[in-house]
Amino acid sequence: MKLLLATATAALMALSIGSAFSADLAPLNSDTEKDRIDWSQVEAKFGAFPKLPEGTKAGAVSKTLTNEYWRSLGEGYTAFGAKVGVPVVYQAAQSEGDQLGQLTIAEGLVTQGYNVLLVSPQTDANLQPIMEQAKAANVPVVNVNDAVIPQAEHYVGNVQRDNGVRVAKWFIKNRPNGGKVAIVEGQAGVYAAVQRTDGFKSTIIEGGKFEVVASVPGNWDRQTSYDAATNILQQHPDLIGFYANNDGMALGIVEAVKAAGLQDKVAVFGTDGISDAYASIRAGELTGTVDSFPVLTGEVALETALRLVAGQKLPRVVATPQALITKDNADRYSGADARKALLEDAAAGQ
């Protein structure tokens with residue numbers, strides 16, 4: 001009951017603050033915002049990394065550290081901070097459902113005197129109350145993947161809808177006869193989950209030969225997704241594929257497919273590019289993932305945040321890269337070669 005009341009209170013605060021901001025800033029859609037720049041073009045347009053005020057320090061709050069993606073994002077923050085001599089404090093909620101706990105952490109970072117705040121919200125609304133507090137303290141806030149605060153002035157992350165589009169195109173190309181497919185979604189109402197799902201569903205339906213027989217919530221949880229996939233396979237034993245909104249859920253689906261003895265017939269794709277997903281792809285179990293390169297995203301996000309601290313006027317969105325990973329190209333996008341490959345992709349307009 002206390003959690004429900006707290007969540008309701010935060011939502012009311014978010015509505016109030018959203019009204020206060022609305023006169024100045026249009027609600028953000030990070031996928032379609034026209035005021036944007038690709039990560040690979042920042043230095044060319046804005047120059048070498050600028051000199052920072054003495055004593056600059058950055059605070060960052062994430063969804064949770066139980067998910068490797070968010071741990072890797074923190075590694076990116078830390079790596080870039082070390083490179084430019086800026087200390088970074090990175091904290092996270094206890095779980096992906098701890099909305100009030102995450103808000104409390106973010107509020108604490110503002111009051112502790114950090115010069116910039118990087119936030120990866122649990123939902124599109126739960127961290128919106130921090131925006132007015134940070135603005136009053138003259139602390140820039142950068143929204144970093146994957147939920148989107150509507151009144152965020154700056155966002156760093158990939159095009160969420162494109163995650164689903166890329167997977168759908170794989171099915172259209174590699175399963176030309178079509179068939180039944182299913183989607184396991186992330187947390188209901190979260191921007192990234194909505195966009196990834198819509199990108200996959202609309203693109204594969206346009207292919208003309210596919211039927212989406214189920215689109216059910218997995219809530220970013222591996223066991224929930226295993227159970228959901230088991231039920232779907234029982235109802236549709238002729239299913240040819242799954243798309244999951246993140247890799248943890250996809251790996252749960254892989255286990256359900258294996259338990260049903262259908263691993264040679266059912267393709268499974270995830271999103272994020274965590275190390276367990278790469279290992280599963282190389283083992284011939286998970287078919288693929290859309291890697292959004294969290295370490296690189298963290299580096300780009302902190303660079304963006306610190307350029308703001310230095311007084312640069314950057315576009316509202318800095319778009320970070322992604323790539324569809326399968327067994328055929330996993331090595332190209334791994335380790336130290338990933339940045340080189342992604343810069344080549346950017347130059348080629350991919």
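Using bins of under 30°, 30° to 60° and over 60° for the plane-to-plane angle, the ring pair Phe80/Phe49 lands in the perpendicular bin.
Shown here are the side-chain contact (heavy atoms from CB on, under 4.5 Å) partners of Gln187, two or more places apart in sequence or in another chain: Gln99, Thr123, Val190, Trp220. By the side-chain hydrogen bond (donor to acceptor under 3.5 Å, both in side chains) test, Asp221 pairs with Thr224, sequence neighbours left out. Partners of Ala260 under the side-chain contact (heavy atoms from CB on, under 4.5 Å) rule, at least two apart in sequence or in another chain, are Leu233, Leu262. Remark: Glu344 pairs with Arg332 by the side-chain hydrogen bond (donor to acceptor under 3.5 Å, both in side chains) rule, at least two apart or across chains. By the side-chain contact (heavy atoms from CB on, under 4.5 Å) test, Thr66 pairs with Thr64, sequence neighbours left out.
Side chain of Thr203 to main chain of Gly199: a donor-acceptor pair is present (N/O by atom type, distance under 3.5 Å, no hydrogens or angles). Panel note: side chain Asp98, backbone Ser95; no donor-acceptor pair is recorded below 3.5 Å. With Ser120 contributing its side chain and Lys63 its backbone, the two residues share no donor-acceptor pair below 3.5 Å. Proximity of a side-chain donor or acceptor of Arg196 to a complementary backbone N or O of Asn163 within less than 3.5 Å is not detected. Here the side chain of Gln122 pairs no donor or acceptor atom with the backbone of Gln102 at under 3.5 angstrom. In this structure, the side chain of Ser40 does not engage the main chain of Leu343 through any donor-acceptor pair within 3.5 Å. Checked by atom type and distance alone, the side chain of Lys180 never pairs as donor or acceptor with a backbone atom of His236 at under 3.5 Å.
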### Task
Test Val216 against Ile183 for side chain to side chain contact (heavy atoms under 4.5 Å, CB included), laying out the working first.
CA-CA 6 Å; Val216 300; Ile183 306 167; over 6 Å; no

### side chain to side chain contact (heavy atoms under 4.5 Å, CB included) assessment of Tyr155 paired with Val148
CA-CA 8 Å; Tyr155 180 92; Val148 177; 3.7 Å; yes

### Query
Stepwise, does the side chain to side chain contact (heavy atoms under 4.5 Å, CB included) test hold for Leu314 with Thr304?
CA-CA 8 Å; Leu314 272 65; Thr304 298; 3.7 Å; yes

### Message
One pair to check against side chain to side chain contact (heavy atoms under 4.5 Å, CB included): Thr287 and Ile281. What are the steps and the verdict?
### Response
CA-CA 6 Å; Thr287 312; Ile281 290 168; over 6 Å; no

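Between Arg316 and Glu153 there is no salt bridge, since no side-chain nitrogen of the basic residue lies less than 4.0 Å from a carboxylate oxygen of the acidic one. Ion pair Glu33/Arg36 not flagged as a salt bridge, since none of the NZ, NE, NH1 or NH2 atoms sits closer than 4.0 Å to an Asp/Glu carboxylate oxygen. Salt bridge Arg307/Glu43: absent, no basic N to carboxylate O contact under 4.0 Å.
Here the rule is ring-ring contact (aromatic ring centres under 6.0 Å, His included) with Tyr243, and of Phe210, Phe269, Phe200 only Phe200 fits it. When the options Val88, Leu109, Thr56 are evaluated for a side chain to side chain contact (heavy atoms under 4.5 Å, CB included) with Tyr114, the one that passes is Leu109. Applying side-chain hydrogen bond (donor to acceptor under 3.5 Å, both in side chains) to Gln160 and the options Asp198, Asn145, Asp146 leaves one that passes, Asn145.
In this structure, Tyr77 has its ring center under 6.0 Å from that of Tyr90.
Residues Val156 and Val317 do not share a hydrophobic cluster, clusters being chains of Ile/Leu/Val/Met/Phe/Trp/Tyr side chains in contact below 4.5 Å. Note on Val142: it does not cluster hydrophobically with Ile130, by side-chain heavy-atom contacts below 4.5 Å among ILVMFWY residues.
For the residue pair Tyr333 / Asp345, a side-chain donor-acceptor distance below 3.5 Å is found, with atom types taken as modelled. Checked by atom type, the side-chain pair Thr289/Asp291 shows no donor-acceptor distance below 3.5 Å. Residues Ser334 and Arg282 bring a donor and an acceptor atom of their side chains to less than 3.5 Å of each other. Under 3.5 Å, the side chains of Glu68 and Ser275 contain a donor-acceptor pair of N or O atoms. Asn231 and Gln235 are not linked by any side-chain donor-acceptor pair at a separation below 3.5 angstrom, with hydrogens and angles left out of the test. Between the side chains of Thr197 and Asn245, at least one donor N or O lies within less than 3.5 Å of an accepting N or O.
For Gln151 against Met131, the heavy-atom pair with the smallest separation is O-CE, 3.8 Å.
Open room surrounds CG on Asn138; 12 or fewer heavy atoms of other groups in view lie less than 6.0 Å from it.
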Could you tabulate the donor-acceptor pairs under 3.5 Å formed by side-chain atoms of residues 165-175, not counting sequence neighbours?
from: Arg166; atom 1: NE; to: Asp162; atom 2: OD2; distance (Å): 2.5
from: Arg166; atom 1: NH2; to: Asp162; atom 2: OD2; distance (Å): 3.2
from: Asn174; atom 1: ND2; to: Trp170; atom 2: O; distance (Å): 2.9

